[in-house]
Amino acid sequence: MSQTTTPSRYTITSALPYTNGPIHIGHLAGVYVPADIYVRYLRLKGHDVAFVCGSDEHGVAISMKAKKEGVTPKEIIDKYHNIIKKSFADFGISFDNYSRTSAEVHHETASDFFKKLYEKGDFIEEETEQLYDEEAQQFLADRFVVGTCPKCGHEEAYGDQCENCGSSLNATDLINPKSTITGGVPILKKTKHWFLPLDRYEDFLRKWILEGHKADWKPNVYGQCKSWIDEGLKPRAVTRDLDWGIPVPVEGGEGKVLYVWFDAPIGYISSTKEWAEREGKDWKPYWMNQDTKLVHFIGKDNIVFHCIIFPSMLKAHGDFILPENVPANEFLNLEGNKLSTSKNWAVWLHEYLEEFPDMQDVLRYALTANAPETKDNDFTWKDFQARNNNELVAIFGNFVNRVAVLTHKYYDGIVPSPYTFEAVDKETLEALKGYPEILSNSLDRYRFREGSQELMNLARLGNKYLADAEPWKLIKTDEERVKTIMYVALQIATGLAVLSEPFLPFTSEKLKGILNVKSSGVETDWNNLGAQETLLPAGHQINPSELLFRKIEDAEIQQQLDKLEATKKTNASATNSTDSMEKEVTPQKDTITFDDFSKLDMRVGTIIEAEKMPKADKLLVLKVDTGLDTRTIVSGIAESFNPEDIVGKKVTVLVNLAPRKLRGVESEGMILMTENKDGKIVFLNPDEDGVGNGEVIS
RNA sequence: GGUUACAUAGCUCAGUUGGUUAGAGCACCUGACUCAUAAUCAGGGGGUCAUAGGUUCGAGUCCUUUUGUAGCCA
């Protein structure tokens, strides 16, 4: 079913980022950069495009993270939605609309979608028994249950998987299951759910994918679909017992929400609606007209949802078109290890943007030139540096600079009139004309890595032309010839300015500024570039040269490597100290100023007396010599220390804390404590010899 | 465990339907040049195409084995 005619419009989606963390280079290389290149290319060719995305804000993981951190899901999604949205915008991902699944338009769209399928009888209803936490009054998603693994005996296995032996489990299989919310023992309780019977769509999928897209879908995508279909598709639950998400909008759906994978892809549609509303357009053609080409950019972990489940949903609904292609990318690693949000093993986009200001295109280029299109790839900072210094600076930037500098040197920045074109000039101009098609060839087949290299080849063509023609020598003997040479070189530079736009949008803009193309009077777009004789006319004034790229020094790379090394160390010590018990690192608090800090008066003190507070399990009444005075401090450490053991101990005391009465005893300060790996409270003690009472801590 | 994909020079990758001495960029070595961000241009060395077998006149390309990596499923 590959389309042979040119589509009237394009709907391009890129995977909705999950709002449990910021965007990192893996997301960029796999999804957003290729999607953005494709979209910019389509726009340059004058196509009607809707490029939509948004934050995916539902699901168990966010609900769980919220409970763990003691905040509401909304606080989490707002935080990450804002970070993500801003970093995309700053990075130049040119979404027509970036929405979020908590938006009203999405709730409505997803609800309606569900209702329509419900009314058509496209769901199966089934009652199953699930674990239920009576105290919290809610059903427990697999991740909310821990217990002993029935296979290996590991005591901290999750309801869906044992991280010790790696086997997947059902929550009901766990021995001694416990709710992670209350710690209580869950009971089995009946619950009703709605299932999408994928088996009904088997014939359709077989025909559509296995016959229709055998040739044009990537091997991995096609192969995975084939294995799913061949194994026999089963009904899949599209609702969950959860309090975070889109409420099931039909009778009996109280306390239940749509499965996040049911609502998320509908987010593409909602986002399109939001965009159309704002732009005063009709969203429907973008999703319902057969002459629209729909393409989903995703990572390989999402293949089944975008190729099997979502298309089945769309088919069931009946009004929608299906994706023409799903160019799923493989994964990117970082310095030899898997990227991990929870382990902080990543190059975070929002941090990159701060650490390498105005260098968006460098990261775009490095990620494109080394994109994980056919297999997992490794991002290394050394490669990043090499791509920048050897290619962007040395080949692309340098060519442009030498052309601009020579033009100013010889002609005060005015494009010279060519004299007679020799064979080499004609060949070079002819080669230049061929580039739009060369690049189209790559981009139409989603080969962005190849495309980026072809673009670089155009700059190479320019460098070679100059090296062969040697205008700097001829200027002394043959001025007419030099005019022709510089004219040709300027045409190539202009070609680069136009053709680099999808790959290097910021650079393209800058280069167009140098060449002053907007006032040249020549229409230079992708389509007529190949047909046009002149891209930058003789007599046209260009602006002074500006460097397009700067070199990246070894020290900058080392800094990034050190940062990763520090992460490794943090992770290693975290694993050691939490060997058996999962211990969450408390998130960093809001920043304070130095003035805030200096308000704290902390001193070295010595405990001179200690006794238990009557009728209190946790409290000790201490007399502490602070160097200033001897004062009474009540401390909640009785469970960890015997009073007699701590007399004479040197401790850190916050002395200017407002006094407070605890159990009738006034406490005049606070002793600083921390916790060791076993959860035991320990003193933060100034144990260096010769440190006396009353010394200020700063 | 099942399944899908991947495995080609030191590194990153091309290699369409099997067809002459396996290609490119980077790195390395040599030479040329100086307009240019010590950039550029030319030339060179370097691979028994993961492994073992098979089909074929002929296989990096098709089939099977083993190993490794990754995704998905159980």
Side-chain angles (χ1 to χ4, degrees), chain A residues 30 151 160-161 165-170 173 215 217-234 236 298-309 328-333 336-339 366-380 382-410 441-442 445 447 449-450 452-454 456-457 459-476 482 485-486 489 493 545-553:
Chain A
K151 295 190 180 162
D160 54 349
Q161 193 185 33
C165 67
S167 49
S168 302
L169 307 168
N170 285 320
D173 296 340
W217 284 17
K218 295 172 96 169
N220 192 14
V221 176
Y222 180 87
Q224 218 181 106
C225 291
K226 183 166 161 39
S227 82
W228 265 75
I229 295 168
D230 286 348
E231 272 171 36
L233 298 163
K234 293 173 202 78
R236 211 173 156 101
I298 58 166
K300 65 174 162 182
D301 53 334
N302 286 177
I303 291 172
V304 65
F305 295 104
H306 286 81
C307 298
I308 304 280
I309 300 175
N329 267 339
E330 305 289 305
F331 281 178
L332 190 71
N333 293 322
N337 290 305
K338 269 169 114 166
L339 282 155
L367 294 177
T368 304
N370 189 27
E373 285 174 7
T374 49
K375 63 168 191 189
D376 289 2
N377 269 350
D378 196 23
F379 176 92
T380 64
K382 211 178 148 231
D383 178 72
F384 169 82
Q385 182 189 27
R387 292 283 181 192
N388 179 74
N389 292 358
N390 301 336
E391 298 179 33
L392 292 177
V393 174
I395 298 171
F396 192 111
N398 184 41
F399 168 69
V400 169
N401 188 43
R402 49 203 303 217
V403 172
V405 167
L406 284 177
T407 305
H408 280 282
K409 198 165 175 177
Y410 299 157
N441 239 318
S442 297
R445 291 183 299 153
R447 296 185 171 207
R449 188 172 54 200
E450 184 181 272
S452 72
Q453 292 316 295
E454 291 297 351
M456 203 46 71
N457 282 342
R460 286 193 170 98
L461 176 79
N463 276 321
K464 181 168 166 50
Y465 176 74
L466 281 186
D468 291 347
E470 299 184 304
W472 48 88
K473 273 190 182 165
L474 293 176
I475 193 71
K476 295 163 197 158
V482 173
I485 294 167
M486 288 315 298
S545 183
E546 244 180 287
L547 296 183
L548 295 177
F549 304 99
R550 68 165 181 83
K551 281 206 148 190
I552 293 172
E553 304 298 331

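In what follows, chains are A, B, ... by sequence order, proteins preceding strands, each numbered from 1. What you see is a predicted model; the values in this text were computed from it and never measured.
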**OP:** List in chain and number order the residues that pass side-chain contact (heavy atoms from CB on, under 4.5 Å) with A:N441, two or more places apart in sequence or in another chain; answer none if no residue qualifies.
**Re:**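 With sequence neighbours excluded, A:N441 shows a side-chain contact (heavy atoms from CB on, under 4.5 Å) to A:R445, given in chain and number order.
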Subject >> By side-chain contact (heavy atoms from CB on, under 4.5 Å) - contacts of A:K473 (at least two apart) >> reply: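 For A:K473 the side-chain contact (heavy atoms from CB on, under 4.5 Å) partners, ignoring immediate neighbours, are A:E470.
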**OP:** Would you kindly compare A:Y465 and A:E450 by the position of their nearest RNA chain B nucleotide and give the one closer to the 5′ end?
**Re:** A:E450
Original post:
RNA chain B: A:A386 or A:N370, which has the more 5' nearest nucleotide?
Top reply: A:N370
Subject >> side-chain N/O A:R387 vs B:U12 OP1/OP2, d < 4.0 Å >> reply: no
Protein-nucleotide distance ([X], atom [atom1]; [N], atom [atom2]), rounded to Å:
X	N	atom1	atom2	answer
A:D230	B:C73	CG	C1'	14 Å
A:N388	B:G25	CG	C1'	16 Å
A:I309	B:C73	CD1	C1'	11 Å
A:N333	B:G71	CG	C1'	12 Å

Original post:
Which part of the nucleic acid, if any, lies within reach of A:R445 when heavy atoms closer than 4.0 Å are counted: base, sugar-phosphate only, or nothing?
Top reply: nothing
**OP:** Indicate, with a heavy-atom threshold strictly under 4.0 Å, whether A:K226 touches base, sugar-phosphate, or nothing.
**Re:** nothing
**OP:** Please assess A:N463 against A:R460 for the test side-chain hydrogen bond (donor to acceptor under 3.5 Å, both in side chains), listing each intermediate value before the final yes or no.
**Re:** CA-CA 5 Å; A:N463 276 321; A:R460 286 193 170 98; over 6 Å; no
Original post:
Does the pair A:W472 and A:Y410 meet the rule for a side-chain contact (heavy atoms from CB on, under 4.5 Å), with working shown?
Top reply: CA-CA 10 Å; A:W472 48 88; A:Y410 299 157; 3.7 Å; yes
**OP:** Using a 4.0 Å heavy-atom cut-off, write out nucleotides 3-10 of chain B from 5' to 3' as B (base contacted by protein), S (sugar-phosphate only) or - (no contact).
**Re:** SSSS-S--
Subject >> Where protein sits on nucleotides 29-40 of chain B, one letter per nucleotide: B base, S sugar-phosphate only, - none, heavy atoms under 4.0 Å >> reply: ----SSBBB-SS
**OP:** State which residues pass side-chain hydrogen bond (donor to acceptor under 3.5 Å, both in side chains) with A:N329; sequence neighbours excluded, sorted by chain then number.
**Re:** A:K218
Taking only residues two or more places apart in sequence or in another chain, which ones pass ring-ring contact (aromatic ring centres under 6.0 Å, His included) with [X]?
X	answer
A:Y222	none
A:F379	A:W381
A:W217	A:W208, A:H213

Original post:
Of the nucleotides B:G15, B:G71, B:U12, which has the atom closest to the A:F331 side chain?
Top reply: B:G71
Grab the N/O contacts between the protein and nucleotides 59-62 of chain B below 3.5 Å, and write none if there aren't any.
none

Original post:
Mind checking the C1' distance from B:U48 to B:G60? Whole angstroms is fine.
Top reply: 12 Å
Original post:
What pairs of residues pass the salt bridge (charged side-chain N to carboxylate O under 4.0 Å, His left out) test when at least one of them lies in residues 367-379 of chain A, not counting sequence neighbours?
Top reply: A:K300-A:D376
Original post:
Under the salt bridge (charged side-chain N to carboxylate O under 4.0 Å, His left out) rule, what pairs show up with a residue in residues 388-408 of chain A, not counting sequence neighbours?
Top reply: A:R387-A:E391
Subject >> Base-paired stems in RNA chain B, each at least three Watson-Crick or G-U pairs under 3.5 Å >> reply: B:1-7 with B:67-73, B:10-13 with B:23-26, B:28-32 with B:40-44, B:52-54 with B:62-64
Original post:
Are the side chain of A:N389 and the backbone N or O of A:A394 linked by a donor-acceptor pair below 3.5 Å?
Top reply: no
**OP:** Answer whether the closest heavy-atom distance between the side chains of A:K338 and A:F331 falls below 4.5 Å.
**Re:**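 Counting from C-beta outward, A:K338 and A:F331 never come under 4.5 Å.
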Subject >> Approximate separation, where rounding is to 0.5 Å, of A:E450 CD and A:S442 OG >> reply: 3.5 Å
